[in-house]
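A note on names: the letters A, B, ... follow the listed sequences, proteins ahead of strands, and every chain is numbered from 1.
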2 protein chains.
Amino acid sequence: MARTDDRFRSAYNKLLDICTQMEVGGQLPAEAVLADRMEVSRTIIRSALQRLDTENLIQWEGRRKTLIKQPEARHRLSQSESTPTGEELEKRFLEWILRFDVPAGTALNIAQLSRQFGVPAHSLQEFLSGLSRFGLVERGSKGGWILSGFTAEFAIELSDFRLVLEMNAIRHLLSLPQDHEIWGKLKEVRAEHIALRKDLKKRYHDFSTLDGKFHATVNSVVKNRFVLEAQKLISLIFHYHYMWDKRDELERNAAAIEEHLEWIDAMLARDMGGSEEAALKHLRRSKETLLASLKNHKLA
Amino acid sequence: MARTDDRFRSAYNKLLDICTQMEVGGQLPAEAVLADRMEVSRTIIRSALQRLDTENLIQWEGRRKTLIKQPEARHRLSQSESTPTGEELEKRFLEWILRFDVPAGTALNIAQLSRQFGVPAHSLQEFLSGLSRFGLVERGSKGGWILSGFTAEFAIELSDFRLVLEMNAIRHLLSLPQDHEIWGKLKEVRAEHIALRKDLKKRYHDFSTLDGKFHATVNSVVKNRFVLEAQKLISLIFHYHYMWDKRDELERNAAAIEEHLEWIDAMLARDMGGSEEAALKHLRRSKETLLASLKNHKLA
DNA sequence: CAGTTTGTTTTTAATAATTAAATTCAATGT
DNA sequence: ACATTGAATTTAATTATTAAAAACAAACTG
């Protein structure tokens with residue numbers, strides 16, 4: 001019970017490594033030095049030393065920590081595999097919602113989900129609490145969580161929000177000087193589009209990634225934590241939809257490549273009006289596609 | 001230990017109320033009916049009935065629940081005061097940061113803060129997790145929370161983000177038809193500005209609220225959960241800064257009123273260029289004021 | 001006997017207890 | 001005098017426990 005001793009185990013094993021690189025009879029460094037080196041507290045070092053002592057690997061008297069014999073493989077402590085990171089959880093959660101088309105209003109069962117995703121219930125709660133800022137989930141009146149999206153409304157508002165952010169990015173981008181790195185990046189992305197277009201019939205699956213890269217490039221000129229955070233959610237959702245909506249994939253991607261190229265060329269020509277127009281055209285179509293895919297999913 | 005029985009206590013007291021309105025010898029309604037009426041589960045009703053039975057207030061045999069005698073004041077259970085709501089917590093937390101000028105990089109002590117704010121440590125964690133989406137706090141590498149704003153950088157990015165959102169709101173607003181309610185609202189806010197200007201020397205403190213109202217009105221035309229959520233944070237922070245930065249308050253507010261009026265008039269005249277220009281002017285000055293107030297605070 | 005109402009069991013979720021780890025401070029040895 | 005250790009205190013992650021909800025089955029009533 002109580003918290004895991006993962007930290008202790010990892011430190012103990014590292015300490016074994018240090019012992020292996022020493023001669024029998026040598027002295028281990030001071031507690032504080034060890035603690036500093038492996039980035040844990042002295043408390044943890046002391047417990048590890050104690051254990052080394054009871055295992056008769058070292059003799060510990062005051063500040064003398066003498067190595068008695070080399071540790072063997074059997075002395076190593078097994079480590080529990082690490083829990084998925086926050087980003088990993090985010091991905092899996094969105095995947096679950098989008099792929100299995102969980103309807104809006106579904107009550108989320110913390111215990112069950114935490115088992116399903118293999119994370120402690122606690123961190124799942126924290127995660128949901130974060131998502132509630134984006135209105136994807138809500139707290140129920142008497143405890144519990146309710147999935148309030150992914151509805152058509154959510155998709156519309158997300159797309160509109162994306163439109164606002166990207167239009168802003170364009171205005172920023174076009175005001176940048178000739179020698180800014182963005183122009184080189186844009187030309188690079190343009191080349192990738194053309195390469196993909198040539199070979200589209202074989203590689204049309206690759207467009208999803210390229211689409212993400214293009215939008216990320218455009219938005220990279222806006223250095224703003226709020227925009228960035230929003231962008232992360234947006235690109236995740238659009239990315240997954242590209243991945244799973246298989247209807248007319250080739251045609252859709254071919255059209256999107258043309259739209260991207262038109263947009264890129266307008267930007268490279270420093271044509272503000274043209275860029276905005278091309279962007280608007282692409283983003284509107286993107287929104288329609290997202291909505292259509294939602295409706296299609298619902299009917300299936 | 002384990003969860004509180006607040007729910008039970010409140011239900012039991014309500015049940016006493018129901019008993020008081022009955023005659024001795026009368027029958028209480030069915031469990032499910034009671035549960036439904038006071039919006040709790042039947043489980044809780046049954047425990048309450050059991051307690052009424054052992055207190056000899058009712059006689060409970062199967063579906064007969066006969067009132068034996070009227071409950072007295074001493075039968076009521078004391079209730080623990082309710083914990084502050086999420087919004088309350090948000091306000092108090094921001095107030096704490098801004099008012100006491102907590103420096104960026106401060107390690108937040110969950111236990112201490114939860115005592116200070118009088119909320120369970122658990123809900124504080126959830127709250128912080130939500131804020132981390134906005135980059136105001138961050139998880140430390142080995143557990144714990146770190147306050148990563150409120151820095152000048154944060155203020156700049158927040159202001160820039162605000163600029164993007166409000167410019168978008170203006171474009172929306174100006175495309176609305178003549179008979180939309182927004183025009184009436186704008187005229188109303190305009191009148192309030194003029195009234196305040198006339199009496200500014202006495203009432204200049206009231207500007208903070210009016211400023212919030214004006215910006216909320218402009219943004220109300222954008223129906224988008226992401227924008228709304230961001231707006232909530234933005235207005236909170238700007239609101240508190242107006243409240244606490246007392247330097248040149250009268251002059252600042254007088255200038256801001258003029259800027260607002262210029263902006264409002266341009267919008268009422270359906271003048272897109274003028275509106276954008278006026279908005280830009282006001283928002284830029286607002287940003288400078290926020291930054292200056294931060295620097296001033298730092299030196300103090 | 002059909003539909004309530006109650007009794008019981010199972011599941012879920014909130015909180016307190018528990019323990020690992022970090023931090024702090026005093027004491028000790030070199 | 002300084003570095004190092006020993007012990008005590010504080011903090012935070014997780015589990016165990018309990019309240020509440022939900023689901024199910026039996027029993028009663030008209």
Inset, instruction - Starting from the C-alpha separation in whole Å, work towards a yes-or-no answer on side chain to side chain contact (heavy atoms under 4.5 Å, CB included) for B:Cys19 and B:Leu57. - result: CA-CA 9 Å; B:Cys19 288; B:Leu57 289 168; over 6 Å; no
Inset, instruction - Report, as a single string ordered 5' to 3', how protein heavy atoms within less than 4.0 Å touch nucleotides 24-30 of chain D: B base, S sugar-phosphate only, - not at all. - result: ----BS-
Inset, instruction - Using side chain to side chain contact (heavy atoms under 4.5 Å, CB included) as the criterion, point out the one residue from A:Ile44, A:Thr54, A:Ile58 that pairs with A:Leu49. - result: A:Ile58
Legend entry - Sub-4.5 Å side-chain heavy-atom contact between A:Leu67 and A:Leu52: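 Not in contact.
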Inset, instruction - Check whether any side-chain heavy atom of B:Ser47 lies under 4.5 Å from a side-chain heavy atom of B:Tyr12, and answer yes or no. - result: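 No; the side chains remain at least 4.5 Å from each other.
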Tell me the interatomic distance from [X], atom [atom1], to [N], atom [atom2], rounded to whole angstroms.
| X | N | atom1 | atom2 | answer |
| --- | --- | --- | --- | --- |
| B:Arg51 | D:dA19 | CZ | P | 13 Å |
| A:Glu61 | D:dT4 | CD | P | 19 Å |
| B:Gln50 | C:dT6 | CD | P | 14 Å |
| A:Asp36 | C:dA22 | CG | C1' | 14 Å |
| A:Arg46 | C:dT23 | CZ | C1' | 14 Å |
| A:Asp5 | C:dA22 | CG | P | 12 Å |
| B:Ile45 | C:dT6 | CD1 | P | 11 Å |
| A:Leu34 | C:dA22 | CG | P | 14 Å |

Inset, instruction - Establish, with yes or no, whether the OP1 or OP2 oxygen of C:dA22 is under 4.0 angstrom from a side-chain nitrogen or oxygen of A:Ser41. - result: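 Looking at the OP1 and OP2 atoms of C:dA22, one of them is under 4.0 Å from a side-chain N or O of A:Ser41.
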Inset, instruction - Give a yes/no answer on whether the side chain of B:Lys65 brings an N or O atom under 4.0 Å of OP1 or OP2 in C:dT5. - result: no
Legend entry - Nucleotide of C:dA22, C:dT8, D:dA21 approaching B:Thr43 most closely (side-chain heavy atoms):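 The listed nucleotide nearest to B:Thr43's side chain is D:dA21.
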Inset, instruction - Could you list the residues that satisfy side chain to side chain contact (heavy atoms under 4.5 Å, CB included) with B:Ser235, not counting sequence neighbours? - result: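 None.
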Inset, instruction - Please confirm whether the backbone N or O of A:Thr43 pairs with a side-chain atom of A:Glu31, one donor and one acceptor, at under 3.5 Å? - result: no
Inset, instruction - Go through the structure and list residues passing side chain to side chain donor-acceptor pair (under 3.5 Å) with A:Asp17, not counting sequence neighbours. - result: A:Arg76
Legend entry - A:Thr66: partners by side chain to side chain donor-acceptor pair (under 3.5 Å), with sequence neighbours left out: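 A:Gln27.
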Inset, instruction - For side chain to side chain contact (heavy atoms under 4.5 Å, CB included), just list the numbers for A:Arg225 and B:Glu153, CA-CA rounded to whole Å, side-chain angles, deciding distance to a tenth of an Å, and then say yes or no. - result: CA-CA 10 Å; A:Arg225 70 191 73 189; B:Glu153 233 174 37; 3.9 Å; yes
Legend entry - Test applied, side chain to side chain donor-acceptor pair (under 3.5 Å); reference residue, B:Arg9; option that passes from B:Asp6, B:Asn13, B:Asp5: B:Asp5
Inset, instruction - Measure the acute angle between the ring planes of A:Phe154 and B:Phe226, then classify it against the limits of 30° and 60° as parallel, tilted or perpendicular. - result: perpendicular
Inset, instruction - Five pairs at each end of the helix from C:dC1-D:dG30 to C:dT30-D:dA1: take the axis at both ends and give me the angle between them to 10°. - result: 10°
Legend entry - Residues in contact with DNA chain C, drawn from residues 18-33 of chain B - heavy-atom cutoff 4.0 Å: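 B:Ala30, B:Glu31, in order of number.
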